[in-house]
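So the structure is just underneath, and the comments pick up after that.
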Amino acid sequence: MRILVGVKRVIDYAVSIRVKPDFSGVVKDNVKMSMNPFDEIALEAGVKLKEAGVATEIVSVSIGPEKSVDILRTALAKGSDRAIHIQHDENVEVEPLAVAKLLKKVVEKEQPQMVLLGKQAIDDDACQTPQILSSLLKWQQATFASKIDVSEDKSTAEVTREVDGGLETLKIKLPAVVSCDLRLNEPRFANLKAIMAAKKKPLEVLKMGEMGVDTENRIKVLKVTEPQKRQGGGKVADVNELYDKLKNEAKLL
Ligand code: AMP
């Protein structure tokens, strides 16, 4: 059973985002980039299935500029067996629809029984790629997984999903697309030995422009702005002043 894992290189979750002065996007130069946190969880889920003897091979795939090679090496150090890098030029934004089409191409070639993706990329917060991919492939999907159990004959999987007010367990036919949520697992750290060993693992590089996929953007970003600065708190003398502020300043009453 082969598992394909989609890993995206994004601005590290701990970095405070700065907007470009012309509001055309966010500053990415000299900013720490990392693997999308939900993709680390997806990768860990794949590696755990391999360790449990369910999966036999984990292939990580990333669509991104040349520098994305660093997160693919991290994926290899964390247990991926192979990596595929679909390269595009720096400063190109690839929309979820195009990402899904490119992943479909890889799926057709690699024939995995499961595609594990993060529930969303923390840069665009689109939360679209898994759903579009399953629809393009006409495969079943389970989104926001917090538990994945593959049946013994590997023809189905039971996936527990986090839904409003509880957990829902679905039975899906394999092959399928599963998107991974926060509580699925705690991703491991790669030790030095694994990082060194990862340098020798296979990493295939493909050019996005040569994949025969229409990757033209459909959406135009008009403006990116920072969230409004939070106002500091203040003390009120009594209930009357509180009422007055809620009514006349905050206009909540
Ligand atoms: P999104 O739909 O952009 O929120 O992304 C959802 C998931 O799709 C991510 O967590 C990744 O697993 C996968 N994905 C999105 N963009 C890429 C990319 N450029 N390369 C590889 N996987 C991606």
Side-chain angles (χ1 to χ4, degrees), residues 3-13 25-26 28 33-47 58-76 78 80 82-107 109-110 112 114-137 139 141-146 148 159 161-162 176-185 187 203-209 211 213 215-219 221:
I3 295 180
L4 201 74
V5 184
V7 292
K8 185 177 187 187
R9 183 175 184 264
V10 296
I11 295 181
D12 188 87
Y13 73 94
V26 299
K28 288 189 184 165
M33 306 289 284
S34 305
M35 188 188 300
N36 182 45
F38 293 109
D39 303 352
E40 291 200 35
I41 294 170
L43 175 64
E44 179 68 28
V47 174
I58 311 299
V59 182
S60 294
V61 49
S62 191
I63 297 137
E66 216 178 308
K67 289 178 189 156
S68 299
V69 70
D70 59 2
I71 64 147
L72 284 171
R73 286 285 169 212
T74 304
L76 292 167
K78 289 185 175 198
S80 187
R82 283 193 287 130
I84 300 172
H85 184 183
I86 303 179
Q87 261 186 21
H88 58 67
D89 291 342
E90 195 76 32
N91 300 323
V92 169
E93 295 293 336
V94 187
E95 286 174 3
L97 173 63
V99 171
K101 286 186 201 164
L102 292 161
L103 290 176
K104 178 173 180 261
K105 278 263 165 179
V106 179
V107 167
K109 181 164 170 259
E110 297 290 341
M114 191 184 282
V115 179
L116 290 173
L117 302 175
K119 76 163 177 179
Q120 75 192 72
I122 62 164
D123 53 358
D124 59 17
D125 280 334
C127 192
Q128 292 176 11
T129 311
Q131 294 86 336
I132 299 174
L133 178 63
S134 85
S135 146
L136 292 177
L137 289 168
W139 284 8
Q141 65 168 325
T143 51
F144 314 131
S146 59
I148 305 170
V159 180
R161 323 175 47 236
E162 304 201 352
V177 178
V178 177
S179 82
C180 302
D181 212 331
L182 203 62
R183 274 174 281 274
L184 180 58
N185 57 49
L203 195 157
E204 185 183 358
V205 179
L206 304 166
K207 297 275 177 217
M208 186 171 87
M211 301 279 297
V213 168
T215 56
E216 199 187 323
N217 284 348
R218 265 63 171 176
I219 297 163
V221 175

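Order of appearance sets the numbers: ligands from 1, and atoms from 1 within every ligand. We're numbering straight along the sequence, starting at 1.
Residues D124 and K8 are paired through a salt bridge, judged by an N-O separation under 4.0 Å between the basic side chain and the carboxylate. At a threshold of 4.0 Å, the pair E204-K109 counts as salt-bridged, since one of the basic side-chain nitrogens sits closer than that to a carboxylate oxygen.
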Discussion item. Please evaluate residues D123 and I11 with respect to the criterion side chain to side chain contact (heavy atoms under 4.5 Å, CB included), reporting the C-alpha separation (whole Å), side-chain torsions for both, the decisive distance (0.1 Å), and the verdict.
Written reply: CA-CA 7 Å; D123 53 358; I11 295 181; 5.9 Å; no
Discussion item. Please determine whether side chain to side chain contact (heavy atoms under 4.5 Å, CB included) holds for the pair S80 and V5, giving the CA-CA distance in whole Å, both sets of side-chain angles, and the decisive distance to 0.1 Å.
Written reply: CA-CA 9 Å; S80 187; V5 184; over 6 Å; no
Enumerate, atom names and distances included, each donor-acceptor pair closer than 3.5 Å involving a side-chain atom of residues 100-107, sequence neighbours excluded.
unit_1, atom_1, unit_2, atom_2, d
K101, NZ, D214, O, 3.0
K104, NZ, E108, OE2, 3.0
K105, NZ, M211, O, 3.4

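At a 4.0 Å heavy-atom cut-off, the residues surrounding ligand 1 are G6, V7, K8, N36, D39, V61, S62, I63, V99, L117, G118, Q120, A121, D124, A126, C127, Q128, T129, P130, listed by chain and number.
Put simply, the side chain of K78 does not reach to within 4.5 Å of the side chain of E44, judged on heavy atoms.
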